[in-house]
Every structure is written in C-alpha cells, then in structure tokens.
Amino acid sequence: MNMQMNESEALVVFSGGQDSTTCLFWALKNFRKVHTITFSYGQKHSAEIEVARAIAEKAGVDFYLQDASFISQIGSSSLTDTSIEMDQEKPADSFPNTFVPGRNMFFLSVAAVYAREHGIHHLVTGVSQTDFSGYPDCRDSFIKSMNLTINLAMDDQFVIHTPLMWLDKAETWKLADELGVFDLVRNETLTCYNGIKGDGCGHCPSCKLRNAGLQKYLSEKSTL
Ligand code: ZN
C-alpha cells in the first residue's frame with residue numbers, strides 16, 4: 001500500500017457482518033485512523049446494529065449510527081418487510097427479494113457527505129462482484145460510477161476501496177485469517193438473514209453462502 005493511504009483516514013461502511021468486518025480490519029492495517037458508519041435502514045434484525053457497535057468498540061474505532069429508515073419506506077425487500085417471504089434462491093430472471101433497492105447507492109452517498117464533513121477521503125465498502133447474489137449495486141461498474149458521481153457532486157477527490165470485490169467467500173475468510181481476526185469474524189459478526197450471530201441459522205441464503213465459503217477455506221487450509 002502506498003504512503004498516502006498509511007497517512008490518511010478512512011471511513012468504513014459497516015454492518016457488523018462478515019464482509020464489512022473483514023474490511024474494517026483491512027482498513028486498520030492500511031490507514032492511519034479508521035472510522036465506521038452504520039445505517040439503520042429498517043432491517044428486520046436490528047440486532048445487527050448492536051453487533052456492529054460492539055465490534056467497532058473492540059476494534060477501537062469511531063462508530064457513527066445514521067438513520068436511513070426512508071430506504072425501507074420507499075422500496076420493498078424481504079429484509080425489511082416481515083410480510084414478504086424471503087427468496088431462498090435467486091430467481092432465474094431477476095434479483096432475489098432480499099435485494100434492498102438503492103441501498104448501496106444511498107449508503108455511499110451519505111457516507112461521502114459524512115466523510116467530507118470529517119476531512120476523510122477514503123471510503124471502504126465490503127461489496128463483492130464474485131458473490132454478488134445478483135445484486136446490481138455490488139458490481140465493480142456501479143462502484144466506479146458511484147465514485148465518479150460523488151466526486152462530481154461535491155467537487156472533491158474521494159476514493160472508494162473495495163478490498164473484497166474479486167474475492168469469493170472462501171478467499172474472504174482467508175483474508176480475515178491473514179489479518180489475524182478469523183475467530184472474531186467467525187464468532188462475533190452477524191450475516192444471517194434470521195438474525196443469529198456467528199455461524200447463524202445455517203439455512204438462509206446468506207448462511208449457506210458464508211458456511212460454504214468457510215468449509216472451502218478450512219478444507220484448503222488443512223491440506224497445506
Ligand atoms: Zn441464516
């Protein structure tokens with residue numbers, strides 16, 4: 001990593017899940033000071049927010065909770081509306097209904113404004129195109145477009161970092177291990193759509209993806 005990053009501050013878009021927690025520790029390794037921003041957007045499992053707060057505290061970084069409940073008021077998703085039954089698989093012709101329309105666009109826009117107010121120019125998000133579940137706002141093209149847009153919107157020079165963009169879930173576990181936080185990520189993060197910390201419920205789409213990656217990583221590691 002270049003000198004400039006090591007001397008800079010970064011803001012991590014943080015949910016307390018596997019991906020953004022791995023990104024938080026990646027940022028702690030690469031930046032002088034790290035801040036987190038967590039959004040309350042009407043997610044069914046508000047336990048997520050307390051998990052995020054606890055991890056931020058443990059990591060010794062600033063934690064800022066931002067209300068973004070309008071996201072679940074204007075768009076529908078099975079992650080925010082208890083009356084919608086969650087898709088277990090990605091439908092052939094569209095996104096699964098766990099997709100929250102506009103979420104990453106709103107998150108990054110708001111995070112950029114917060115960063116600007118605090119003199120921060122590096123944003124970090126845990127999106128991945130490899131395991132993107134069909135979510136269009138996890139793709140590299142969207143992030144590059146968003147980076148240009150926030151720079152134009154505020155006539156500034158932000159850099160959006162996506163350390164997980166080209167990693168699959170097994171490689172994300174490997175990165176957490178290399179960063180020395182494998183156990184923390186495994187036991188203290190919340191990725192499960194049913195709100196269960198650590199290894200989760202085991203059967204929701206998010207748990208299946210996370211656990212398949214974990215098993216793949218552990219079996220690769222044991223053959224070394
Ligand atoms: Zn689950």
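Keep in mind that what you see is a predicted model, and the values were worked out from it rather than measured. Counting starts at 1 for both ligands and their atoms, following the listed order.
- Here CD1 of I160 is found 5.0 Å from CG of L108. Values are rounded to the nearest 0.5 Å.
- Exactly one of F14, Y114, Y41 qualifies for a ring-ring contact (aromatic ring centres under 6.0 Å, His included) with F107. That residue is Y41.
- Annotation: side-chain contact (heavy atoms from CB on, under 4.5 Å) contacts of R32 (sequence neighbours excluded): E9.
- Tally of protein N, O or S atoms closer to the Zn ion (ligand 1) than 2.8 Å: 4.
- By the 4.0 Å N-to-carboxylate-O rule, K174 lies too far from E171 to be salt-bridged with it.
- Checked against the 6.0 Å centroid criterion, the rings of Y64 and H118 do not qualify as a close aromatic pair.
- Between M154 atom CE and S109 atom OG the span is 7.5 Å, to the nearest 0.5 Å.
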